[in-house]
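What follows is a set of notes on a single structure, which appears directly below.
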2 protein chains.
Amino acid sequence: MGRETETPDGVVGDSPIARLCVKHGLKMTGQRRVIARVLSEAEDHPDVEELYRRASALDSRISVATVYRTVRLLEEKGILERRDFGGGRARYEASENGHHYHLIDVDSGNVIEFENDELVGLLARIAAELGFDLMSHRAELFGRRINGDKKASAPSNVTQTGHRGK
Amino acid sequence: MGRETETPDGVVGDSPIARLCVKHGLKMTGQRRVIARVLSEAEDHPDVEELYRRASALDSRISVATVYRTVRLLEEKGILERRDFGGGRARYEASENGHHYHLIDVDSGNVIEFENDELVGLLARIAAELGFDLMSHRAELFGRRINGDKKASAPSNVTQTGHRGK
DNA sequence: TTAAGTGCAAATTGTTTGCATACAA
DNA sequence: TTGTATGCAAACAATTTGCACTTAA
């Protein structure tokens, strides 16, 4: 069985996250490549059990323990970010997806993801003023749709990043 | 053995949170009063183990199970808020403490609370740009103490609301 | 070759629960 | 009195780890 991707000229192609692993000097085992690929292709925020399920589908010789170990390793390297949406289990997403925030529509439950550089800057400044380097952060807004406002006009500084599945 | 507080005229005085419990129609047992008092007096974000330790010091006939049950009950009633600052355990604080943000020291686990009007304004503006009225929000920063920076100089716009120990 | 990675199962950790007893209303 | 709360210990669920065996570099 080959690697996960063959480019036209026959060169083995690693997933974006696998490449990041290499860049960080990690030893690339078969299972790490598979897990990296699963992570690269994920458009949601899978927990370990789900990652294990997807990875197993690609290569059955992977154990949950390895998924746990890999996910922890990648988090330490800053390649992955752990999210806690409640429910007891940790969920992961690639850091390279960029930092984004969640605005939850309190009436419909819909979640809108957005990016905002000004917010990042402000948070970093606040941390600095308190004597800290900002390592990571999170922010969730809960709002109610403004009367009759179907879709807000493209906002100046807010980049609404398409939202990801599930 | 009496209740936890006696007012000058001999009337039993409950802690603020104990009063909230009564207001919510909860049956007030001895252990609930103690736990409510511990929560009222807490100026930090204790986890269950810590709550258990403090409650036990006041009344040794309390079990961890009861602390877990009480904390869950009060959260359902909206009297308590559960926080996740990483580290695996849930931490709690009284809802009545008002709105503030948290900066978590990733190395020590210490939590610094702060308020920031600029942040509130920005978040409200972002919500508005997306077509929403901001109902509520939360933000958590994870940072690492800047080298050699013991205590940052009093920041312009950041109001550090008493930091609470460990 | 050889230090690092993996599978497996057992061990930990945080939290919940079943059941007999104790207690607030 | 009577239904709810509690203590205790066993049950659980998510995650970690010890150890012998593979494997990437």
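In this text the structure is predicted, and so the values were computed from the model without any measurement. Here is how names work: the chains are called A, B, and so on, in the same order as the sequence lines, proteins then strands, and each is numbered from 1.
Rounded to a whole Å, the CD1 atom of Ile35(B) is 12 Å from the C1' atom of dG7(D). Following rounding to the nearest Å, Asp59(A) (CG) and dT6(C) (P) show an atom-to-atom distance of 11 Å. Residue Arg32(B) contributes atom CZ, which lies 18 Å from atom P of dA22(C) at whole-angstrom precision. Whole-Å rounding puts the Arg53(A) CZ to dA14(D) P distance at 11 Å. Protein atom CD1 of Ile62(A) is 9 Å distant from nucleotide atom P of dT6(C), rounded to whole Å. Between the CD atom of Glu49(B) and the C1' atom of dT13(C) there is a distance of 10 Å, rounded to whole Å. Atom CZ in Phe85(B) sits roughly 17 Å away from atom P in dG14(C) (whole-Å rounding).
Within residues 67-77 of chain A, the residues approached by DNA chain D to less than 4.0 Å at the level of any non-hydrogen atom are Tyr68(A), Arg69(A), Arg72(A), in residue-number order.
With sequence neighbours left out, Ala55(A) forms a side chain to side chain contact (heavy atoms under 4.5 Å, CB included) with Val34(A), Ile35(A), Val38(A), Ile62(A). Residues passing the side chain to side chain contact (heavy atoms under 4.5 Å, CB included) test with Arg69(B) are Ala65(B), sequence neighbours excluded. For Arg83(B), the salt bridge (Lys or Arg N to Asp or Glu O under 4.0 Å) criterion is met by Glu81(B), Glu93(B), not counting sequence neighbours. Residues satisfying the ring-ring contact (aromatic ring centres under 6.0 Å, His included) test with His24(A), not counting sequence neighbours, are none. Every residue meeting the salt bridge (Lys or Arg N to Asp or Glu O under 4.0 Å) condition with Glu49(A), not counting sequence neighbours, appears here in chain and number order: Arg53(A), Arg89(A). Residues passing the salt bridge (Lys or Arg N to Asp or Glu O under 4.0 Å) test with Arg138(A) are Glu140(B), sequence neighbours excluded. Shown here are the ring-ring contact (aromatic ring centres under 6.0 Å, His included) partners of Tyr68(A), two or more places apart in sequence or in another chain: there are none. Shown here are the ring-ring contact (aromatic ring centres under 6.0 Å, His included) partners of Tyr52(A), two or more places apart in sequence or in another chain: there are none. Take Arg144(B) and apply the salt bridge (Lys or Arg N to Asp or Glu O under 4.0 Å) test, not counting sequence neighbours, and it matches Asp107(B).
Heavy atoms of Gln31(A) sit under 4.0 angstrom from primed sugar atoms or phosphate atoms, though from no base atom.
Of the two residues contacting DNA chain C, namely Arg89(B) and Ala65(B), the nearest-nucleotide position lying further toward the 5' end is that of Arg89(B).
Here Asp59(B) does not pair with Arg32(B) in a salt bridge; the nearest charged N to carboxylate O distance is not below 4.0 Å.
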N/O contacts under 3.5 Å, protein versus nucleotides 22-25 of chain D?
residue	atom	partner	partner atom	Å
dA25(D)	OP1	Met28(A)	N	3.3

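Between the two ends of the helix from dT1(C)-dA25(D) to dA25(C)-dT1(D), each summarised by a five-pair axis, the helix axis turns through 40° (rounded to 10 degrees).
Between His102(A) and His45(A), the two ring planes are perpendicular [angle over 60°; tilted spans 30° to 60°].
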